[in-house]
A.B. asks: 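Take a look at the following structure, please.
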Amino acid sequence: MGIASRTLRRNGMAEEANEMCTRIRASDDYYKALGIISEYVNITGPDDDMSEDERMNMQL
């Protein structure tokens, strides 16, 4: 949640970051939380060659 929220904020999407965090806190399990995060950002693994900023720019 923290990484996704920071990524959104760094890219001028503070309102979306707040909305996402509110929805995650209201969810009742881990998998629902992951689903909510994936609505806002692309979830990638540590082996991804792109930086966080490069990934976010591709989504915009």
A.B. asks: Who are the side chain to side chain donor-acceptor pair (under 3.5 Å) partners of D29, not counting sequence neighbours?
C.D. replies: none
A.B. asks: What are the two closest non-hydrogen atoms of E16 and Y40, and how far apart are they?
C.D. replies: O-CE2, 3.7 Å
A.B. asks: Determine whether a donor-acceptor pair (N or O, by modelled atom type, separation under 3.5 Å) exists between the side chain of S27 and the backbone of I24.
C.D. replies: yes
A.B. asks: Only pairs at least two apart or in different chains count here, so list each salt bridge (Lys or Arg N to Asp or Glu O under 4.0 Å) that has a residue in residues 31-46.
C.D. replies: R23-E39, D28-K32
A.B. asks: Measuring from atom CZ of R9 to atom CD of E15, what distance do you get when rounded to the nearest 0.5 angstrom?
C.D. replies: 11.0 Å
A.B. asks: Locate the shortest heavy-atom distance separating M20 from A4; write the atom from each residue and the value.
C.D. replies: CE-CB, 3.8 Å
A.B. asks: In sequence, state the C-alpha distance, the side-chain angles, and the governing distance for I3 and R6, and then conclude on side-chain contact (heavy atoms from CB on, under 4.5 Å).
C.D. replies: CA-CA 5 Å; I3 293 170; R6 280 191 301 276; 3.4 Å; yes
A.B. asks: Could you give the distance from CD1 (I36) to CD (E19), rounded to the nearest 0.5 Å?
C.D. replies: 10.0 Å
